[in-house]
Amino acid sequence: MKTAENSQKISACMEWIEWAKNQKRTFLRQALEARLVSLKFDMGDYNGALGLVGPLLKELKKLDDKALLVEVQLVESRIYHTLGNVSKSRASLTSARTTANAIYCPPKLQATLDMQSGVLHAEEKDFAMSFSYFYEAFEGFDSIDHPKAHLALKYMLLSKIMMNSPDDVQSILSGKVALKYAGSNVESMKSIATASHNRSIAEFKQTLLRFENEIAQDFIIKTHLDGLYDHLLEQNLCRVIEPFSRVQIDHIADVIELPLDVVERKLSQMILDKKLHGILDQGEGVLIVFDDAEEDHTYASALDVLQSMGKVVDALYQKAKKLS
């Protein structure tokens, strides 16, 4: 239904652009083209949107229409982020912020800039900074009662969970915020925070099933929760393995309540990443864990001694040279 509605909007927008071209309404055409870029982005036609962005940005820079230029650069940043090109996304966002500094920025546009900054910092695993930007975005959207305030709050809670501070979620949701923005989005994050606090994979998976619409359909939330799931799985595996030097893989799978192939694959990955010192004996179906080898500092110490001796010999050579 939404796709069909967006298709109709795109068709209408293209007709109006043609009319604006014929009537030589340059500013109207540019505003309509900016709207068309946003519609194509919402539809998932990222290449089509990028094809329109390039020429439009050149025109807007020539005409010095900074307000519209900020909006188009912001959409360009979102497109590149969705395509996985974080460096270009950050470059577009930096350009948008630089342009925005030269004009009055409405609260909605400023909040959207802060939201995108938070998203990019989260991509770089800087969740403390992303929380600050999401908080600024939330305050901006909340001041104008914009629906995106719910999304900004959701990302704030996600940042706290990813910072390994799930207990802070409850304190954020206390008071007026909890009453005003109560709903399934907030409940999904509270449930994730509880599962993270308990380090329970079972609770985590139940939450993903229970709030599938709120989590799976949000690209940003889903990406970071996949990372959180991997982290929880590694923690649980390490906790189960810790007492053993040799343990059956099916026993680990039974304790952790996950399929055998999933556990075996994750253990292999942890061994390759050097997060676990051991080997998998697939013939007998066991994991053999090695003791952590003590680091030998002899080689490093020997290098330091040789460097010091080299300096002494050089100093003696210089003194002997002066005497001669």
Check your understanding: Taking it one step at a time, do H277 and F290 satisfy ring-ring contact (aromatic ring centres under 6.0 Å, His included)?
Key -> CA-CA 5 Å; H277 299 289; F290 302 140; 8.4 Å; no
Study note, to complete from the structure: Across all chains, not counting sequence neighbours, the side-chain hydrogen bond (donor to acceptor under 3.5 Å, both in side chains) partners of E33 are R29
Review point. Judged by modelled atom types alone, do D114 and T112 share a side-chain donor-acceptor pair under 3.5 Å?
Key: no
Exercise for review: Indicate whether the side chain of S77 and that of S92 have a donor and an acceptor atom separated by less than 3.5 Å.
Suggested key: no
Review point. Does E59 pair with K62 as a salt bridge, N-O distance under 4.0 Å?
Key: no
Practice item. May I ask you to decide whether R246 forms a salt bridge with E284, counting only side-chain N to carboxylate O separations under 4.0 Å? Key: yes
Please list every donor-acceptor pair under 3.5 Å in which a side-chain atom of residues 118-129 meets a protein atom from a residue at least two apart or in another chain.
from	atom 1	to	atom 2	distance (Å)
E123	OE2	H81	NE2	3.1
E124	OE2	R90	NE	3.1
D126	OD1	M129	N	3.4

Exercise for review: Could you check whether the rings of Y46 and F41 sit parallel, tilted or perpendicular, using 30° and 60° as the cut-offs?
Suggested key: tilted
Check your understanding: Using the ring of each side chain (for Trp, its six-membered ring), is Y135 parallel, tilted or perpendicular to F131, with breaks at 30° and 60°?
Key -> parallel
**Study point:** Nonpolar side-chain network containing Y317, other nodes, edges under 4.5 Å
**Key:** none
Practice item. Give, for atom CG of D168 and atom OG of S159, the distance between the pair rounded to the nearest 0.5 Å. Key: 11.5 Å
Check your understanding: With distance as the sole test, does D281 use its side chain to make a donor-acceptor pair with the main-chain N or O of G283 at under 3.5 Å?
Key -> yes
Exercise for review: Going by the side-chain contact (heavy atoms from CB on, under 4.5 Å) test, name the single residue among M115, H224, H150, M189 that passes it with Y155.
Suggested key: M115
Exercise for review: Determine whether V286 and I249 make a side-chain contact, defined as any pair of heavy atoms from C-beta on separated by less than 4.5 Å.
Suggested key: no
